Amino acid sequence: MTPLIRVENIADYTEQEIRIRGWVYNRTRKGKLVFLLVRDGYGFVQCVAFKNDLPAETFEDIVRLTQESSVEITGIVRADSRSPGIPGGFEIGITGLKIYQIAADDYPMALKEHGVDFALDNRHLWLRMPSQWAILRIRATVLTAIREWLDTNGYINMDTPIITPAAAEGTTTLFETPYFDEGAAYLAQTGQLYNEANIFAFSKVYCLGPTFRAEKSKTRRHLTEFWMVEPEVAFCDLDELMEIEEQFVSHIVQRVLRDRQPELASLERDTTLLEKISPPFPRISYDEAVEMLARLREETDDPEEKELLAFEWGSDFGAPHEAALTKQFEKPVFVYGYPTAVKAFYMEPWPGRPEVCKSVDLLAPEGYGEIIGGSERISSPEKLLQRIQEHQLPEAAYQWYLELRRFGSVPHSGFGLGIERTVSWICGIHHIRETIPFPRTINRVYP
RNA sequence: UCCUCGGUAGCUCAAUGGCAGAGCGGGCGGCUGUUAACCGCUAGGUUGUAGGUUCAAAUCCUACCCGAGGAGCCA
């Protein structure tokens, strides 16, 4: 039987007869010569048919194929530098064709640029286009690399609850759902507090799953449902946390570079920038970042840029500030020691400087900005209780969390990495809605 | 919630007060190396909705609906 192959492995079958199963992505008919660009889920490959080389019925079948028709193609693999595809450079000289279905001729996604609204309304079909296919293949590899690094470095996967009793951080808006006789429950915005419980049983843990924010954010960096990996580590301070993060992120990038070159090439990603991603990453304090922003603002001649970079000590950075900062570095940059007032209640105050805390964000280069937020957590029960009271959080709801600090408390730290933002940076694309199969935004839950 | 921009053929867009248009996609025909092929023909319209001004509205005015980008907030 002729072997059924995956297009991603086509180079292994040069000059051999093979079969592929897939869908017609594009056709070019030139009378007695027909080119089909066929995708099989693993790649895109050009298939060629000459009328005189084939039985009349077979050639007629090839001519009447519409875009997205499902087929099995038999043919001989040839190396040919003219051939488009992912990976390109190979084509299949068709010797046989089996048609599963001639697709309806009103396929809405013509091969051209589309507006955002149309593309998102047709997300179920948009996924078939090379750019989206490449991005989501890279996303899958990012997730593989994440689990691989954590699993081989002593982290235990702990699945934290999606349905939770109350706001973990008390700030952002949560999705509410009715919950039997308990009244309301909420969709999780983080698994961190549960992982702080888990480390006292397993030392190093991580959760990886969807999180939900009901904020009305309308930017290229926000989704209402997004995926986050959250490692949490016992006996770990802020400096050790940064070492973990830089190794972790470097592994993810290097793994994508190793396994997803054709996809990166099809996205026209400049991989020389990604190749530089290895430890150590630069570290600057929040204070230094504020000074740097002031200097950049001083140096710019663009009045609009000047306005955007205006900043005062004590605020959190906005998108323009993050973009300006990251453009000063080739690698991701750590910014540590944020003002306590703008960060969550559970972060350890800086020794001798309680107005700042032992928090650290990791900002991706090329203007992409924050992909990780992390911190050393408060380990003292008294200090933690005081912070809960200062934030006017319901003390009763945090009884179990406070108890963790009474029975064997240790310094511990953790962080959350946003999957979509990371994929967006690695792929070099503009908007994170393309980095998840079916994005959920403030005014979109279809399809 | 606020600010800015937009909504015309299946899609991407033109038409700025005077006949509703083009390219792509669809259909028909042609072509032996196409790269979102090309060439000829063809079908395809309640110009987001409602009201108003005008001899005449896609175009000007009012209200509303929908979307995008940004702010705030965050990963």
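Keep in mind it's a predicted model, so treat the numbers as computed, not measured.
Other residues, nucleotides and ligands place more than 12 heavy atoms under 6.0 Å from the CD atom of A:Glu176. Environment of CD in A:Glu312: sparse, with no more than 12 heavy atoms of neighbouring residues, nucleotides or ligands closer than 6.0 Å.
Look at CD on A:Glu322: it is 15 Å from C1' on B:G70, rounded to the nearest Å. Rounded to a whole Å, the CZ atom of A:Phe44 is 13 Å from the C1' atom of B:A36. For the pair A:Met109 CE and B:A36 C1', the interatomic distance rounds to 13 Å; values are reported in whole Å. The nearest whole Å value for the distance from the NZ atom in A:Lys32 to the P atom in B:U34 is 18 Å. To the nearest angstrom, C1' of B:G69 lies 13 Å from CG of A:Leu308. The distance between atom CD1 of A:Ile102 and atom P of B:G26, rounded to the nearest whole Å, is 14 Å. Protein atom CZ of A:Arg220 is 15 Å distant from nucleotide atom C1' of B:C5, rounded to whole Å. Taking atom CZ of residue A:Phe226 and atom C1' of nucleotide B:C74, one finds them 7 Å apart after rounding to whole Å.
Counting atom types as modelled, A:Ser217 pairs a side-chain N or O with a base atom of B:C73 as donor and acceptor under 3.5 Å. No hydrogens or angles were tested; on distance alone, nothing pairs the side chain of A:Gln67 with the base of B:G26 as donor and acceptor under 3.5 Å. Side-chain to base pairing of A:His114 with B:C11: no donor and acceptor N or O lie closer than 3.5 Å to each other.
In this structure, A:Gln46 reaches the bases: a heavy-atom distance under 4.0 Å links it to at least one base atom across the strands shown. Using a 4.0 Å heavy-atom distance criterion, A:Phe118 is classed as a sugar-phosphate-only contact. As judged by a 4.0 angstrom heavy-atom cut-off over every strand, A:Asp106 is placed among residues making no nucleic acid contact. Among the heavy atoms of the strands, none lies under 4.0 Å from A:Asp361. Base engagement by A:Leu223 is indicated by at least one non-hydrogen atom pair under 4.0 Å involving a base atom. At the heavy-atom level, A:Glu225 lies nowhere under 4.0 Å from the strands shown. Contacts of A:Pro320 with the nucleic acid, taken as non-hydrogen atoms under 4.0 Å apart, involve only primed sugar atoms and P, OP1 or OP2. A:His431 comes within 4.0 angstrom of sugar-phosphate atoms only, judged by non-hydrogen atoms across all strands, and of no base. Residue contacts for A:Gly115: at a heavy-atom cut-off of 4.0 Å it reaches the sugar-phosphate backbone alone, with no base atom in range. As judged by a 4.0 angstrom heavy-atom cut-off over every strand, A:Lys218 is placed among the base-contacting residues.
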Inset, instruction - Applying side-chain hydrogen bond (donor to acceptor under 3.5 Å, both in side chains), run through A:Ser375 and A:Glu348 and close with a yes or a no. - result: CA-CA 8 Å; A:Ser375 66; A:Glu348 181 75 30; over 6 Å; no
Legend entry - Verdict with supporting geometry, A:Glu243 and A:Gln247, side-chain hydrogen bond (donor to acceptor under 3.5 Å, both in side chains): CA-CA 6 Å; A:Glu243 287 170 24; A:Gln247 287 175 35; 5.4 Å; no
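Comparing B:A75, B:G27, B:G33 by their closest approach to the side chain of A:Glu370 singles out B:A75. Of the listed nucleotides (B:A71, B:G33, B:A75), B:A71 has the atom at the smallest distance from the side chain of A:Ala319. Nearest to the side-chain atoms of A:Arg433 among the listed nucleotides B:G26, B:G69, B:U32 stands B:G69. Comparing atom distances between the A:Thr219 side chain and each of B:G72, B:A68, B:U32 picks out B:G72 as nearest.
Look at the P atom in both B:C61 and B:U16: the space between them is 16 Å, to the nearest Å. Using C1' as the reference atom, B:A22 and B:A14 are 7 Å apart when rounded to the nearest Å. Only the C1' atoms considered, B:A57 is 14 Å distant from B:G51, to the nearest whole Å. A distance of about 32 Å separates the P atoms of B:G6 and B:C74, rounded to the whole Å. Comparing the P positions of B:C65 and B:A50 gives a spacing of 15 Å, expressed to the nearest Å. Nucleotides B:A9 and B:A20 place their P atoms 16 Å apart, quoted to the nearest Å. Atom P of B:C24 sits at a distance of 14 Å from the matching atom of B:A36, rounded to the whole Å. Comparing B:G70 with B:C60, their P atoms are spaced 27 Å from each other, to the whole Å.
Contact annotation: A:Lys30 side-chain N/O to B:U32 OP1/OP2 distance is not under 4.0 Å. Residue A:Arg221 places none of its side-chain N or O atoms closer than 4.0 Å to OP1 or OP2 of B:G72. Dashed line: the shortest gap from a side-chain N or O of A:Asn443 to OP1 or OP2 of B:A68 is under 4.0 Å.
Ring-plane geometry between A:Trp350 and A:Tyr336 is classed as parallel, the angle between the planes falling under 30 degrees on a 0 to 90 degree scale with a further cut at 60. Below 30°, between 30° and 60°, or above 60°: for A:Tyr286 and A:Trp313 the angle between ring planes is above 60°, a perpendicular geometry.
Both geometric conditions, a ring-centre gap below 5.5 Å and a plane tilt below 30°, are not fulfilled together for A:Tyr107 over the base of B:G25.
Across all strands shown, B:G21 is found opposite B:C13 as a Watson-Crick or G-U wobble partner, with both distances under 3.5 Å. As the counterpart of B:C31, no nucleotide is assigned, since no Watson-Crick or G-U wobble pattern has both distances under 3.5 Å. Nucleotide B:U62: paired with B:A50 (Watson-Crick or G-U wobble, both distances less than 3.5 Å). Checking B:G44 for Watson-Crick or G-U wobble geometry (two distances, each under 3.5 Å) identifies no partner in any strand. Shown here, B:U1 forms a base pair with B:A71; the pair counts as Watson-Crick or G-U wobble because both key distances fall under 3.5 Å.
Judged by closest nucleotide on RNA chain B, A:Ala119 is the one of A:Arg29 and A:Ala119 placed further toward the 5' end. Comparing A:Val48 and A:Pro108 by the nucleotide of RNA chain B that holds the closest heavy atom to each, the one mapping nearer the 5' end is A:Pro108.
For an aromatic pair to be called close, the ring centres must be under 6.0 Å apart, and A:Phe329 with A:Phe281 fails this. For A:Phe415 and A:Phe248, the ring centers are positioned less than 6.0 Å apart. In summary, the aromatic rings of A:Tyr338 and A:Phe317 are positioned with their centroids under 6.0 Å apart.
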